[in-house]
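Everything quoted here is computed from the prediction, not taken from an experiment.
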Amino acid sequence: MLVSLVLLLLGALAAVVTPRLMAQAEWPEREPVVALWVWQCVVAGVLLSFGLSMTFSAAAAWQAVRGQVFAHAPHSVVDAYALGAYGPWSAVMAVLLALGGIWSAAMLTREIRRAQVRRSRRRAELLVRSPLMPGEEPGNSRLVVLEGERPDAWWLPGAAPQLVITTTALERLKGRQLDAVLAHEQGHAQARHDWLLHCSAALANGFPQVPVFAAFRDEMHRLVELAADDVASRRFGRLTIALALVELNEDRGVFGPCPTPDAELPLRVNRLLSPVERLTAGRRLRLTAAAALVPVVPLLVAFVPGLSALG
């Protein structure tokens with residue numbers, strides 16, 4: 001039972017401390033891909049801690065579960081975990097954590113279904129606004145051009161992903177700016193950023209009081225855009241993608257003095273026009289390796305008593 005408590009406290013500590021540490025750090029804007037990896041590893045570590053805590057609590061509370069978890073383990077290993085020390089509290093903890101897991105799965109399922117509904121609705125709207133020509137198969141074209149007075153471009157994910165762009169955007173984007181916008185949206189598609197957004201939204205909506213999940217959602221929205229900006233800037237230059245962002249968004253008032261829902265756009269443009277030096281390859285490697293160790297910590301906590309007993 002002590003292992004269950006340690007795992008629970010470890011997950012709670014990571015959930016509280018990580019958002020503060022990441023908010024104080026300056027390197028995520030310089031290395032958004034590494035920051036995305038760090039966030040994923042931390043959240044995976046938190047979920048793994050809670051999942052293992054639930055498993056050991058259930059094993060302590062119910063003999064049937066204990067028989068499954070320690071089916072082939074020697075008695076010395078089972079005794080090392082002191083599973084019978086806390087009696088009824090084990091069952092309470094196991095049930096609460098199990099309910100949390102079920103709720104997380106339900107929120108993720110709801111988020112995926114909502115995304116599918118939104119995607120289907122947008123595809124239906126595309127067929128209305130851009131009907132198929134005779135003999136044309138739906139989903140054949142990766143680029144869809146819509147008549148529209150507002151400059152806009154977005155990537156529509158799915159089995160047959162498409163880039164949708166309005167005629168006004170085509171008129172405004174000059175030279176290689178259209179290619180830069182296409183590269184930006186392809187960066188989202190290749191990295192499957194839509195799945196990151198779905199998972200982070202599901203966790204944040206399911207557990208709004210947990211700091212790490214709310215910060216995870218907010219940072220995913222910000223970092224995926226920075227990462228896609230970097231993909232486009234490496235191919236077509238920072239100035240090109242910065243000018244494309246300005247052309248697509250200057251009529252929305254996002255560059256004015258009043259705050260708007262797209263307040264991150266001016267910061268993205270400033271970041272592109274005033275680049276800072278990237279982290280060294282060695283530091284990027286160290287950050288990546290350190291983040292990969294975060295989910296390993298709860299595994300070590302879970303298995304060390306058993307391995308010590310075997311030793």
Side-chain angles (χ1 to χ4, degrees), residues 10-49 180 183-201 203-204 210-246 254-255 259 261-298:
L10 184 64
L13 181 65
V16 173
V17 172
T18 301
R20 298 178 182 178
L21 293 179
M22 294 297 286
Q24 295 172 358
E26 297 181 354
W27 62 266
E29 282 196 3
R30 299 165 64 181
E31 298 294 343
V33 174
V34 178
L36 286 169
W37 170 252
V38 170
W39 274 107
Q40 291 175 74
C41 289
V42 169
V43 172
V46 171
L47 296 177
L48 185 59
S49 296
H184 174 99
E185 299 299 338
Q186 285 178 333
H188 284 312
Q190 291 170 357
R192 300 309 304 266
H193 287 161
D194 54 323
W195 279 102
L196 279 178
L197 297 178
H198 294 332
C199 293
S200 62
L203 289 171
V210 180
V212 71
F213 295 151
F216 182 46
R217 175 195 56 195
D218 296 340
E219 285 298 286
M220 288 304 99
H221 282 278
R222 185 176 73 95
L223 292 172
V224 297
E225 294 299 337
L226 298 185
D229 288 344
D230 288 348
V231 170
S233 67
R234 282 194 289 269
R235 292 182 59 186
F236 300 100
R238 290 179 172 271
L239 180 60
T240 302
I241 185 62
L243 291 175
L245 290 175
V246 172
V254 298
F255 298 102
D262 297 318
E264 289 289 335
L265 270 168
L267 301 178
R268 288 168 56 193
V269 172
N270 290 337
R271 173 179 177 270
L272 290 166
L273 295 179
S274 305
V276 294
E277 188 176 350
R278 295 187 64 187
L279 300 181
T280 62
R283 188 175 179 191
R284 292 199 301 272
L285 181 60
R286 289 193 296 272
L287 284 170
T288 302
L293 291 176
V294 173
V296 177
V297 174

### Shortest non-hydrogen separation from P211 to A15 and the atoms involved
CB-O, 3.8 Å
### Query
Counting heavy atoms not belonging to R284, are there more than 12 under 6.0 Å from its CZ?
yes
### Query
Say you draw a straight line from CE of M220 to SG of C199; how long is it, rounded to the nearest 0.5 Å?
10.5 Å
## Note on the structure
Separation between CZ (R20) and CE (M22), nearest 0.5 Å, reads 15.0 Å
## Note on the structure
With sequence neighbours left out, the residues meeting ring pair (Phe, Tyr, Trp, His ring centres under 6.0 Å) with H188 are H184, H193
### Query
Are side-chain heavy atoms of R268 and E225 found at a separation under 4.5 Å?
yes
### Task
Using a 4.5 Å cut-off on heavy atoms from C-beta on, say whether the side chain of F236 contacts that of I241.
no
### Task
Write down the atom of A292, the atom of P295, and the distance for their closest heavy-atom approach.
O-CD, 3.3 Å
#### Entry: W195 CH2 to H198 NE2 distance, which is reported to the nearest 0.5 Å
6.5 Å
### Query
Do you know the tightest heavy-atom contact between L48 and P298?
CD2-CG, 4.0 Å
Which atom pairs, donor and acceptor, lie under 3.5 Å between side-chain atoms of residues 271-281 and protein residues at least two apart or in another chain?
from: R271; atom 1: NE; to: E29; atom 2: O; distance (Å): 2.9
from: R271; atom 1: NH1; to: D230; atom 2: OD1; distance (Å): 3.1
from: R271; atom 1: NH2; to: E29; atom 2: O; distance (Å): 2.9
from: R271; atom 1: NH2; to: D230; atom 2: OD1; distance (Å): 3.1
from: R271; atom 1: NH2; to: D230; atom 2: OD2; distance (Å): 2.8
from: R278; atom 1: NE; to: E31; atom 2: OE2; distance (Å): 3.0
from: R278; atom 1: NH2; to: E31; atom 2: OE1; distance (Å): 2.9
from: T280; atom 1: OG1; to: R283; atom 2: N; distance (Å): 3.3

Kindly list each side-chain donor-acceptor pair under 3.5 angstrom involving residues 32-41, sequence neighbours excluded, with atom names and distances?
from: W37; atom 1: NE1; to: T288; atom 2: O; distance (Å): 3.1
from: Q40; atom 1: NE2; to: L36; atom 2: O; distance (Å): 3.1

### Query
E219: what forms a side-chain hydrogen bond (donor to acceptor under 3.5 Å, both in side chains) with it, not counting sequence neighbours?
R222
### Message
So, using side-chain hydrogen bond (donor to acceptor under 3.5 Å, both in side chains) as the criterion, who are the partners of R238 when residues are at least two apart?
### Response
none
#### Entry: Results of side chain to side chain contact (heavy atoms under 4.5 Å, CB included) for V231 - residues two or more places apart only
R234
### Summary
Here the pair of heavy atoms bringing L10 nearest to S49 is CD2-OG, 4.1 Å
### Task
In sequence, state the C-alpha distance, the side-chain angles, and the governing distance for V46 and T18, and then conclude on side chain to side chain contact (heavy atoms under 4.5 Å, CB included).
CA-CA 10 Å; V46 171; T18 301; over 6 Å; no
### Query
Going by heavy atoms in the side chains, are L223 and L196 under 4.5 Å from each other?
no
